[in-house]
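Let me begin by presenting the structure, written as structure tokens, before commenting on it.
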Amino acid sequence: MSPRCFIVAIDGPAGAGKSTVSKLLARRLGFSLVDTGAIYRCVALMATDERIPYDDDARLGELLGRVHIHFQVVGEENRVFLGGKDVSGDIRSPEISMAASQVSGRPVVRAGLLQLQRRLALESSKGSILEGRDIGTVVFPDADAKFFLEANPEVRARRRFEELFQKGVESSLDDVLADQTKRDKDDSARAVAPLKAAEDAIRVDSSSLPLSEVVHSMEAEILRRMAARG
């Protein structure tokens, strides 16, 4: 049996730069990219569209059997397709962000999506980068390289506010910070797969570092481990 592909786990809270860093690393290394947060957002979007309460485990469990997701790099973006429809913009709204935080705390959802996340990652022949909140602790506790990307709350909120502004979404910095604070609390306090750094993860604070420098240091560590693995 051939060894599995090289797995990189990148965890951390919203606004720490995970998406940008993961995309750049995947492109530079020729790895596939699995945005696990987008998967939960797709579930939240489907639940919202179908008016399913975010704590209705029975209906959420049924919904999971109808989740068909694939990723496709288009230009500079990692686009997300749900049932063949591009929902990359729809799943990034503040409403769906909060809904995703709620549905991701349901054990039935996390258990139902675990195999999907692993399958998407293992389809790569060379390597995969997975970004999320429990990759290094739950999804791939045996990942070849684990990173926990963080930044102070004000920096993260500013980044998210600017991202929403560029997309034409009306919001205020105070509202973004308040939503972020609640989501951080919900993600860290949930009983199942809470947001936390794996014990063997390399912690990277991006508060004052250019993302190019963050990517460079992480890429160097990944290449070192790839060489050691042979």
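Below, each value reflects all heavy atoms present in this structure, side chains not excepted, and no hydrogens, waters or symmetry copies. Bear in mind the structure is a predicted one, so any value in this text is a computation, not a measurement.
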> Between CZ of Arg183 and OG of Ser101, what distance do you get to the nearest 0.5 Å?
Replying inline: 5.5 Å

> Shared ILVMFWY cluster between Leu149 and Leu195, side chains joined below 4.5 angstrom?
Replying inline: no

>> Measuring only between side-chain heavy atoms, which start at C-beta, is Ile39 closer than 4.5 Å to Leu116?
In response: yes

> What are the two closest heavy atoms between Ala198 and Lys146, and how far apart are they?
Replying inline: CB-CD, 3.9 Å

> Does Asp55 pair with Arg106 as a salt bridge, N-O distance under 4.0 Å?
Replying inline: no

> If only atom types and distance count, is the side chain of Arg118 paired as donor or acceptor with the main-chain N or O of Phe140 below 3.5 Å?
Replying inline: no

> Between the side chain of Glu131 and the main-chain N/O of Ile10, is any donor-acceptor distance below 3.5 Å?
Replying inline: no

>> Nearest 0.5 angstrom please: Leu63 CG to Asp49 CG, how far?
In response: 10.0 Å

>> Ignoring hydrogens, what is the shortest heavy-atom contact between Ser88 and Val80? Give both atom names and the distance.
In response: OG-N, 2.8 Å

> Would Ser188 and Lys196 satisfy side-chain contact (heavy atoms from CB on, under 4.5 Å), going step by step from the backbone distance to the final call?
Replying inline: CA-CA 7 Å; Ser188 300; Lys196 66 177 182 179; over 6 Å; no

> Apart from Val169 itself, what residues make up its hydrophobic cluster, given side-chain heavy atom links below 4.5 Å?
Replying inline: Phe161, Leu164, Leu173, Val176

> When you look at Met46 and Val43, which way does the side-chain contact (heavy atoms from CB on, under 4.5 Å) test go after all the steps?
Replying inline: CA-CA 5 Å; Met46 290 179 68; Val43 173; 5.8 Å; no

> What are the two closest heavy atoms between Ala9 and Ala143, and how far apart are they?
Replying inline: CB-CB, 4.0 Å

> For Ser207, does its backbone N or O pair with a side-chain atom of Asn152 as donor and acceptor, under 3.5 Å?
Replying inline: no

> Among the clusters formed by ILVMFWY side chains lying less than 4.5 Å apart, do Val155 and Val215 turn up in the same one?
Replying inline: no

>> According to ring-ring contact (aromatic ring centres under 6.0 Å, His included), does anything in residues 18-63 pair up with another residue at least two apart or in another chain? List the pairs.
In response: none

>> I'd like to know if the side chain of Ser206 and the backbone of Gly17 have a donor-acceptor N/O pair within less than 3.5 Å.
In response: no

>> To the nearest 0.5 Å, what is the distance between CZ on Arg4 and CD1 on Ile7?
In response: 5.0 Å

> Any side-chain heavy atom of Ile135 within less than 4.5 Å of one from Gln117?
Replying inline: yes

> Under 4.5 Å between any side-chain heavy atoms of Phe147 and Ile222, yes or no?
Replying inline: yes

> Is it true that a side-chain atom of Ser22 and a backbone atom of Ser19 form a donor plus acceptor pair closer than 3.5 Å?
Replying inline: no

>> Less than 4.0 angstrom from a charged side-chain N to a carboxylate O is my criterion; do Arg160 and Asp179 meet it?
In response: no

> In terms of hydrophobic clustering (I, L, V, M, F, W, Y; side-chain heavy atoms under 4.5 Å; direct or indirect links), are Leu25 and Val8 co-clustered?
Replying inline: yes

> Do Ile52 and Met98 sit in the same hydrophobic cluster, where Ile, Leu, Val, Met, Phe, Trp and Tyr count as joined when their side-chain heavy atoms come under 4.5 Å apart?
Replying inline: no

> Do Val87 and Cys42 come close enough that some side-chain heavy atom pair is under 4.5 Å?
Replying inline: yes

> Do the charged groups of Arg51 and Asp56 touch, with an N to O distance under 4.0 Å?
Replying inline: no

>> Restricting to non-hydrogen atoms, name the atom on Ala44 and the atom on Val103 that form the minimum distance, rounded to 0.1 Å.
In response: CB-CG2, 4.0 Å

> Could you state the interatomic distance from OG (Ser128) to CG (Leu33), rounded to the nearest 0.5 Å?
Replying inline: 8.5 Å

>> I need the minimum non-hydrogen distance between Gly61 and Val108, along with the two atoms involved.
In response: CA-CG2, 4.0 Å

>> Test: ring-ring contact (aromatic ring centres under 6.0 Å, His included). Region: residues 64-99. Which pairs qualify, not counting sequence neighbours?
In response: His70-Phe81

>> Looking at Asp184 and Arg156, is any side-chain nitrogen of the basic one under 4.0 Å from a carboxylate oxygen of the acidic one?
In response: yes

> How close do Asp90 and Ile96 get, heavy atom to heavy atom, and via which atoms?
Replying inline: O-CG1, 3.7 Å

> How long is the span from the NZ atom in Lys23 to the NZ atom in Lys18, to the nearest 0.5 Å?
Replying inline: 14.0 Å

>> For Leu29, is there any backbone N or O sitting under 3.5 Å from a side-chain donor or acceptor partner on Lys126?
In response: yes

> Under 4.5 Å between any side-chain heavy atoms of Met218 and Ile202, yes or no?
Replying inline: no

>> With a 4.5 Å cut-off on side-chain heavy atoms, are Gln180 and Leu177 touching?
In response: yes

> Do Leu120 and Leu45 belong to the same hydrophobic cluster, where Ile, Leu, Val, Met, Phe, Trp and Tyr are linked whenever their side-chain heavy atoms lie under 4.5 Å apart, directly or via other members?
Replying inline: yes

> According to the ring-ring contact (aromatic ring centres under 6.0 Å, His included) rule, which pairs have a member within residues 186-225, sequence neighbours left out?
Replying inline: none

> Can you pull the salt bridge (Lys or Arg N to Asp or Glu O under 4.0 Å) pairs that have at least one residue in residues 201-217, sequence neighbours excluded?
Replying inline: Glu150-Arg203

>> Tell me whether Glu170 at atom CD has more than 12 heavy atoms from other residues, nucleotides or ligands lying less than 6.0 Å away.
In response: no

>> Check Lys182 with Asp186, please: is the shortest side-chain N to carboxylate O separation under 4.0 Å?
In response: yes

> Less than 4.5 Å apart, any side-chain heavy atom of Phe148 and any of Pro13?
Replying inline: yes

> Is there any salt bridge (Lys or Arg N to Asp or Glu O under 4.0 Å) pair reaching into residues 34-43, and which pairs are they, with sequence neighbours excluded?
Replying inline: Asp35-Arg92

> Is Arg119 salt-bridged to Glu123, cutoff N-O under 4.0 Å?
Replying inline: yes

> Should Arg225 and Glu221 count as an ion pair when the cut-off is N to O under 4.0 Å?
Replying inline: yes

> Which distance, rounded to the nearest 0.5 Å, do you find between the OG1 of Thr48 and the CD1 of Ile91?
Replying inline: 12.0 Å

> Any luck finding a side-chain donor-acceptor pair between Asp134 and Thr137 under 3.5 Å?
Replying inline: no

